Amino acid sequence: MKHQRTIKALAPVQCPEHPFARVLVLFMSLAVFALLICALNFVFRELYMDVFITQTALDKVVVKDEYIDIWMVGLRYDAKLAYYLMLPGIVVSLLGALGPAFFRLCLKIIGVWVTLSAAWLMATTCANIHVLGATGLPLNAAQVDLFFNAPFANLAAYSSSYPIFFDTVMTLFVTGLFLGLWHRLTTIFSTSGLWSHVNMINWLICLCCFFGLVWTSAQTSVTSMDPLTAAQAKISKIPMVNYIVMNAPMSIHYSDSHAMLGDTAK
């Protein structure tokens, strides 16, 4: 009898028997998602700094403390983005308690959401880099709305000035890699012996850790003494430094703050 070999990266996520355990596995998949979002934005922020600071004349005027602030404050916006993206998944995950079939359905829904979120993050980052390079200003909500009024016509028009084909290939590649990592890490969590038998103490610890991550990432007036606002991205008198603190989706979200970030008076 032949045994089918399963590629580890494509191994299915295991469904725990206990309803509470099923919900926790789905919550852990969202925690993985949030951490991957922050890791991907870490890479993007390094790219922003390389393109718009270290390879330009700004490298001589940007001080060390501002580099540190770009990373530290930027991480807060990354966490806030992860918080927003986790919220729909938390609601969906609760349905996993209804049974194995619902667990698998929830996992598929979360997988689609992970894919769309990664693709949106990658696409907006590419667009933001091009807009920053061309205009010196970040991508804003009005530009995004204008693009979606006629997306294919706009892509055709932009292809003569920007590497749209390369951006598309990179978006597909990074999205696929992101989804593969999320699926693999979720599979590892699901096969843990932690879910093989009822252990309420350990399960409650996992639940507290997950909601601790959500609580910390929220950064609202309820969850933090220092709520995150657009004003906290203004860390320098140099507009470009302020513009690259936020990740692209959060920069679009805070489009109204771009004028304040571009003010040279710190």
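Here the structure is a predicted model, which means the values were calculated and not measured. The basis for the numbers below is simple: all heavy atoms, side chains too, and nothing from hydrogens, waters or symmetry mates.
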Please round to the nearest 0.5 Å and tell me the distance separating atom [atom1] of [X] and atom [atom2] of [Y].
| X | Y | atom1 | atom2 | answer |
| --- | --- | --- | --- | --- |
| S257 | M246 | OG | CE | 4.0 Å |
| L179 | T115 | CG | OG1 | 4.0 Å |
| S217 | Y84 | OG | OH | 11.5 Å |
| I129 | L132 | CD1 | CG | 8.0 Å |
| L40 | T125 | CG | OG1 | 7.0 Å |
| I37 | K80 | CD1 | NZ | 15.5 Å |

Side-chain contact test, heavy atoms from C-beta onward, threshold under 4.5 Å: evaluate it for [X] versus [Y] and give yes or no.
| X | Y | answer |
| --- | --- | --- |
| F102 | R22 | no |
| T216 | L213 | no |
| L155 | T168 | no |
| F178 | V114 | yes |
| C106 | S93 | no |
| D263 | K234 | yes |
| F44 | L121 | yes |
| Y254 | M260 | no |

Give me the atom names and distance for the closest heavy-atom approach of [X] to [Y].
| X | Y | answer |
| --- | --- | --- |
| I70 | M49 | CG2-SD, 3.9 Å |
| G89 | L30 | C-CD1, 3.4 Å |
| M170 | M122 | CB-CE, 3.8 Å |
| T191 | I188 | OG1-O, 3.0 Å |

Checking T124, N128, D78 against N247 for side-chain hydrogen bond (donor to acceptor under 3.5 Å, both in side chains), the one that qualifies is D78
Hey, does the side chain of [X] reach the backbone of [Y] with a donor-acceptor pair shorter than 3.5 angstrom?
| X | Y | result |
| --- | --- | --- |
| S224 | T220 | no |
| S236 | V241 | no |
| E46 | V43 | no |
| S29 | L26 | yes |
| S190 | Q14 | yes |
| W113 | L85 | yes |

Go through the side-chain N and O atoms of D50 and T54 and say whether any donor and acceptor fall under 3.5 Å apart.
-> yes
Linking I/L/V/M/F/W/Y whenever any side-chain heavy atoms sit under 4.5 Å apart, do [X] and [Y] land together?
| X | Y | answer |
| --- | --- | --- |
| F33 | L177 | yes |
| I90 | L116 | no |
| L47 | F166 | yes |

Give me the one residue out of W203, F103, W195 that meets ring-ring contact (aromatic ring centres under 6.0 Å, His included) with H18.
-> W203
Tested for ring-ring contact (aromatic ring centres under 6.0 Å, His included) against H130, the lone hit among Y162, F147, F52, Y158 is Y162
Derivation of the side-chain contact (heavy atoms from CB on, under 4.5 Å) call for V61 and L58 | CA-CA 5 Å; V61 296; L58 290 179; 4.0 Å; yes
What's the verdict on side-chain contact (heavy atoms from CB on, under 4.5 Å) for R184 and T187, showing C-alpha distance, side-chain angles and the deciding distance?
-> CA-CA 5 Å; R184 179 56 185 154; T187 300; 4.1 Å; yes
Assess whether side-chain contact (heavy atoms from CB on, under 4.5 Å) is satisfied between L137 and H258, documenting all intermediate values.
-> CA-CA 8 Å; L137 296 171; H258 290 173; 5.9 Å; no
Among L75, D69, I235, which one satisfies side chain to side chain contact (heavy atoms under 4.5 Å, CB included) with V245?
-> I235
V198 and F20: CA distance, side-chain angles, deciding distance, side-chain contact (heavy atoms from CB on, under 4.5 Å) verdict | CA-CA 9 Å; V198 177; F20 188 27; over 6 Å; no
Under 6.0 Å between ring centres, would you say that holds for F211 and F27?
-> yes
Could you walk me through whether N41 and Y77 pass side-chain hydrogen bond (donor to acceptor under 3.5 Å, both in side chains), step by step?
-> CA-CA 10 Å; N41 277 312; Y77 288 102; over 6 Å; no
Can you establish whether the number of heavy atoms outside D226 located under 6.0 Å from its atom CG is more than 12?
-> yes
